[in-house]
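Residues: numbered from 1 along the sequence shown. Numbering of ligands and ligand atoms starts at 1, following listing order.
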Amino acid sequence: MLKGLRIVHFCVTSLGCNKKIQKVIKKICCIGAGYVGGPTMAIIAQKCPEIEITVVDLNQKRIDQWNDTDVSNIPIYEPGLSDVVAEARGRNLFFDTDIDKAIDESDMIFISVNTPTKTYGKGKGMAADLKYIELCARQIARVAKSDKIVVEKSTLPVRTAQALKNILDHTGNDVNFEILSNPEFLAEGTAVSDLTNPDRVLIGGQQETEKGKQAVEALVSIYANWVPKDKILTTNLWSSELSKLTANAFLAQRVSSINAMSELCEITGANVDEVAKAIGMDSRIGPKFLKSSVGFGGSCFQKDILNLVYIAKSYGLNEVADYWEQVILMNDHQKRRFAHNIVKTLYNTVSDKKIAFLGWAFKKDTNDTRESPAIYVAEELLLEQAKISVWDPKVKDAQVYTDINTLGSIEADEVDNKLQVAKDPYEACKNSHAIAVLTEWEEFNTYDWQRIYDNMHKPAFVFDGRGVLDKNKLQEIGFVYYRIGEGGV
Ligand code: UDX
Ligand code: ADP
């Protein structure tokens with residue numbers, strides 16, 4: 001077990017001295033206390049108790065939540081995360097808003113700020129907005145008085161490292177910055193196990209220089225505290241940056257591919273889960289990421305593919321761009337199709353009909369709602385004047401309203417009138433005409449479905465956008481059950 005992080009400096013004098021000077025890196029700063037920075041630093045702190053880690057953020061409220069004495073109030077819901085935070089917080093894991101101090105004292109700085117899709121100007125709706133990254137770079141350059149290793153954790157367009165280096169080298173205090181790319185592959189809802197037992201850790205760096213090589217080694221040594229060496233992959237910077245976009249594009253492509261088949265299954269009478277099982281047993285295809293759904297959401301898939309499309313277009317690679325854009329178009333179609341099917345089935349009108357939403361998060365076991373398909377299905381139905389009542393076990397009421405209001409397509413008054421967040425699933429479903437399942441929370445199968453049925457308008461419809469409910473049981477009770485990828489209601 002390594003005690004702390006050691007960087008090996010090779011001293012090569014005129015006499016050819018090859019003495020190794022070891023510098024122990026003791027402090028890490030992570031800028032950004034979000035879904036990536038928080039869990040990642042918590043695990044590094046747990047696995048490397050000798051390293052002091054300070055996670056900083058501009059958002060005082062978020063930092064206060066991370067510091068809440070009741071550890072169940074940390075701002076991110078992830079199974080197992082609060083235990084890890086409870087173990088390390090106050091020992092070698094700290095959350096703070098004093099960004100300058102944390103930068104100044106650290107040897108290694110992770111940048112884990114958000115890189116949303118641009119909402120203005122050139123590349124609007126496609127390119128990644130790098131303003132938060134640039135602000136970080138300028139702050140690091142201004143504050144740093146000693147050499148730093150700067151690690152890109154956020155997903156970034158290819159060659160962002162070069163832009164970072166330019167800013168750091170031209171505005172800094174004449175100290176040396178080594179830039180590494182270390183993309184995060186954790187999936188929300190399984191962050192703790194993904195970080196504890198990753199398929200691989202990817203580290204990109206400029207290994208052609210001695211300092212670059214040392215920086216890569218330094219980061220390798222941190223992960224080597226718990227990740228087997230053969231799973232720690234080192235590449236050049238650009239391969240690492242592009243690999244992250246590629247991984248997300250391939251994963252999203254599988255979901256869009258099976259979702260495309262779900263529509264065909266519904267018309268032909270095939271069953272998409274059976275098709276997925278049959279193809280997934282082919283070892284060349286494999287069984288994962290073949291669950292047909294109402295569409296993929298989350299902060300990464302759409303953003304990263306749009307980014308990839310934008311990059312391809314900017315190099316004039318129009319066929320490459322069109323190919324990947326189709327993954328997004330298919331996903332948009334799947335969400336709309338689900339909403340339209342509800343309208344069509346409810347006799348072509350949902351005006352003033354109550355529709356219960358089970359689930360609002362973009363997947364189970366997270367409170368994150370970014371790009372959740374629920375938001376877009378709700379938008380379509382609200383535009384058809386439906387009333388929507390939402391129940392999600394982890395999403396806060398205010399988040400639901402923010403998600404819809406941010407779209408800007410529905411008047412605020414109309415949102416207040418038509419959208420309600422229920423205090424439990426029974427309240428959400430009471431007096432509804434239909435139930436739509438938007439997230440695959442496991443607790444949905446434990447509900448008293450007879451009670452739900454008794455309190456609904458008849459016929460009582462269920463539209464299972466995740467294919468998770470017990471179809472036979474629901475049909476026996478009397479529900480009219482529709483499942484994505486299965487023929488006819
Ligand atoms: C993803 C990548 O998996 C992760 O490696 C990367 O670091 C960030 O982006 P995440 O968005 O957290 O992670 O969740 P993921 O499990 O990939 O699911 C993304 C979306 O696809 C969810 O909405 C999920 O419900 C949907 N999905 C996933 C399906 O609809 N079907 C599937 O078979 C798998
Ligand atoms: P991710 O899923 O990539 O972690 P989040 O939005 O959950 O994204 O977290 C990013 C965090 O980065 C936010 O809490 C935001 O306040 C923080 N942040 C953005 N820019 C800066 C900055 N310049 N300095 C410090 N924190 C920042």
Side-chain angles (χ1 to χ4, degrees), residues 29-41 55-63 65-66 75-76 78 95-100 102-103 109-116 128-140 153-156 183-191 194-195 198-200 202 243-245 247-252 254-259 262 272-273 276 280 287-305 331 334-335 359 361-374 438-440 465-468 484:
C29 156
C30 171
I31 309 180
Y35 283 88
V36 171
T40 311
M41 291 305 125
V55 188
V56 289
D57 204 294
L58 295 165
N59 183 335
Q60 179 73 52
K61 187 171 163 228
R62 207 164 214 188
I63 291 298
Q65 287 172 320
W66 280 111
I76 287 167
E78 271 294 338
F95 296 92
D96 211 320
T97 49
D98 193 342
I99 304 174
D100 282 2
I103 290 174
I109 302 163
F110 286 79
I111 302 185
S112 302
V113 300
N114 35 337
T115 51
D129 192 340
L130 298 180
K131 71 177 172 200
Y132 305 107
I133 296 280
E134 183 172 339
L135 281 173
C136 287
R138 291 190 185 278
Q139 191 161 8
I140 295 169
K153 209 43 166 149
S154 316
T155 309
L156 296 167
E184 190 47 72
F185 293 108
L186 68 83
E188 289 175 32
T190 51
D194 292 346
L195 284 161
D199 285 347
R200 76 332 205 158
L202 180 57
S243 297
K244 168 73 184 202
L245 296 184
N248 278 341
F250 270 60
L251 290 169
R254 281 176 73 98
V255 179
S256 273
S257 297
I258 199 70
N259 282 344
S262 73
V272 76
D273 286 340
K288 292 181 182 166
F289 269 72
L290 286 179
K291 181 69 187 164
S292 181
S293 67
V294 57
F296 60 74
S299 68
C300 285
F301 281 2
Q302 175 162 313
K303 182 188 78 177
D304 288 356
I305 294 177
N331 197 49
Q334 188 76 346
K335 293 180 274 189
F362 81 97
K363 63 188 281 198
K364 71 172 179 180
D365 291 335
T366 180
N367 58 349
D368 194 353
T369 64
R370 287 176 289 180
E371 292 302 330
S372 179
L438 277 309
T439 312
E440 72 279 25
R466 295 287 184 168
V468 287
I484 241 160

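- The protein heavy-atom contact nearest to atom 14 (O) of ligand 1 is K363 NZ, 3.2 Å.
- Considering backbone and side-chain atoms together, V56 places no N or O closer than 3.5 Å to any N or O of ligand 2.
- Of the protein's non-hydrogen atoms, F289 CE2, 3.6 Å is the one closest to atom 28 (C) of ligand 1.
- Atom 15 (C) of ligand 2 has its nearest heavy-atom neighbour, among I140, D57, V113, in D57.
- Here the CD1 atom belonging to I109 is positioned 15.5 Å from the NZ atom belonging to K153, to the nearest 0.5 angstrom.
- Using a 4.5 Å heavy-atom threshold, the side chains of L195 and P39 count as touching.
- Y35 and N114 are not linked by any side-chain donor-acceptor pair at a separation below 3.5 angstrom, with hydrogens and angles left out of the test.
- For atom 30 (O) of ligand 1, the closest non-hydrogen atom of the protein is S293 OG, 2.6 Å.
- Of all atoms in ligand 1, listed by their number and element, those nearer than 4.0 Å to a heavy atom of E184 are 7 (O).
- The two residues I258 and A276 come nearest to each other via the heavy atoms CD1-CB, 4.0 Å.
- With a 4.0 Å heavy-atom cut-off, ligand 1 is reached by no atom of N259.
- Close N/O approach between R62 and ligand 2 is found [any backbone or side-chain N/O within under 3.5 Å].
- Residue contact annotation: S154 has no non-hydrogen atom under 4.0 Å from ligand 2.
- Contact annotation: the side chain of L58 approaches that of I99 to within less than 4.5 Å [non-hydrogen atoms, C-beta and beyond].
- By the criterion of a heavy-atom distance under 4.0 Å, the side chain of R370, and not its backbone, is placed next to ligand 2.
- Contact annotation: the side chain of I111 approaches that of I140 to within less than 4.5 Å [non-hydrogen atoms, C-beta and beyond].
- Residue-to-ligand polar distances place F362 within reach of ligand 1: an N/O pair is separated by less than 3.5 Å.
- Listed for the D57 side chain is a donor-acceptor partner under 3.5 Å among the backbone atoms of A33.
- Per-residue contacts place S112 under 4.0 angstrom from the following atoms of ligand 2 (heavy atoms of the residue considered): 10 (C).
- If you check which protein heavy atom lies closest to atom 8 (C) of ligand 1, you get C300 SG, 3.3 Å.
- Looking only at protein heavy atoms, the nearest one to atom 5 (O) of ligand 1 is F185 O, 2.7 Å.
- Remark: Q334 CD to S256 OG distance equals 8.0 Å, nearest 0.5 Å.
- Scanning all protein heavy atoms for the shortest distance to atom 22 (C) of ligand 2 gives L58 CD1, 3.5 Å.
- Regarding atom 4 (O) of ligand 2, its nearest protein heavy-atom neighbour is V36 N, 2.8 Å.
- Between F296 and F301, the ring planes are perpendicular. Angles over 60° get that label, and only those under 30° would be called parallel.
- For the pair I133/S154, a side-chain contact is recorded, criterion being any heavy-atom separation below 4.5 Å from C-beta on.
- Looking at V56 and D98, their side chains never come closer than 4.5 Å, going by heavy atoms from C-beta outward.
- Only the side chain of K244 comes within 4.0 Å of ligand 1, counting heavy atoms alone; its backbone N, CA, C and O stay farther away.
- Proximity of D273 to K291: side-chain heavy atoms (C-beta onward) are separated by under 4.5 Å at one or more points.
- Set against the non-hydrogen atoms of I31, the atoms of ligand 2 under 4.0 Å away are 24 (N), 25 (C), 26 (N).
- To the nearest 0.5 Å, atom SG of residue C136 and atom CD1 of residue I103 are 7.5 Å apart.
- Close approach of ligand 1 to L290 is summarised as follows: ligand atoms under 4.0 Å from at least one heavy atom of the residue are 33 (O).
- Any N or O atom pair closer than 3.5 Å counts here, and G297 shares at least one such pair with ligand 1.
- When every heavy atom of A191 is checked against every heavy atom of L186, the shortest pair comes out as CB-CD1, 3.8 Å.
- Atom 19 (C) of ligand 2 has N114 OD1, 3.3 Å as its closest protein atom, hydrogens excluded (heavy atom only).
- If you look at R466 next to ligand 1, the close heavy atoms, those under 4.0 Å, all belong to the side chain.
- Put simply, NZ on K364 and OG1 on T190 are 9.5 Å apart, with the number rounded to the nearest 0.5 Å.
- Of the inter-residue distances, the one linking Q65 atom CD with I76 atom CD1 reads 9.5 Å to the nearest 0.5 angstrom.
- Where the criterion is an N or O separation shorter than 3.5 Å, residue side chain and backbone included, F296 fails it with respect to ligand 1.
- Atoms OG and CG, from S293 and N259 in turn, are 4.5 Å apart once rounded to the nearest 0.5 Å.
- Considering only non-hydrogen protein atoms, atom 23 (N) of ligand 2 sits nearest to C136 SG, 3.7 Å.
- In terms of protein heavy atoms, atom 3 (O) of ligand 1 is closest to L251 CD1, 3.7 Å.
- Under 4.0 Å from ligand 1, not a single heavy atom of T366 appears.
- Using a distance-only test at 3.5 Å, with no hydrogens or angles considered, a donor-acceptor pair links the side chain of R466 to the main chain of L438.
- Looking only at side-chain heavy atoms (C-beta outward), Y132 and T115 stay at 4.5 Å or farther from each other.
- Residue contact check: K291 has heavy atoms under 4.0 Å from atoms 29 (C), 30 (O), 31 (N), 32 (C), 33 (O) of ligand 1.
- Residue contact check for ligand 2: Q139 places no non-hydrogen atom closer than 4.0 Å to it.
- At least one N or O atom of Y35, backbone or side chain, sits closer than 3.5 Å to an N or O atom of ligand 2.
- The backbone and the side chain of A187 each have at least one atom closer than 4.0 Å to an atom of ligand 1 (non-hydrogen atoms only).
- Summary of contacts: the protein heavy atom closest to atom 1 (C) of ligand 1 is F301 CE1, 3.5 Å.
- Contact annotation: the side chain of D368 approaches that of F362 to within less than 4.5 Å [non-hydrogen atoms, C-beta and beyond].
- With respect to atom 12 (O) of ligand 2, the closest heavy atom belonging to the protein is G32 CA, 3.5 Å.
- The nearest heavy-atom contact from the protein to atom 2 (C) of ligand 1 is N248 OD1, 3.4 Å.
- Backbone and side-chain nitrogen or oxygen atoms of S299 are examined, and none is located within less than 3.5 angstrom of a nitrogen or oxygen of ligand 1.
- Here is the list of ligand 2 atoms found below 4.0 Å of a heavy atom in G34: 4 (O), 5 (P), 7 (O), 9 (O).
- Atoms of ligand 2 found under 4.0 Å from any heavy atom of I99, numbered from 1 in the order shown, are 24 (N), 25 (C).
- Taking only nitrogen or oxygen atoms, main chain and side chain alike, V255 does not reach within less than 3.5 Å of ligand 1.
- For R254 (side chain) and K288 (main-chain N/O), a donor-acceptor pair under 3.5 Å exists by modelled atom type.
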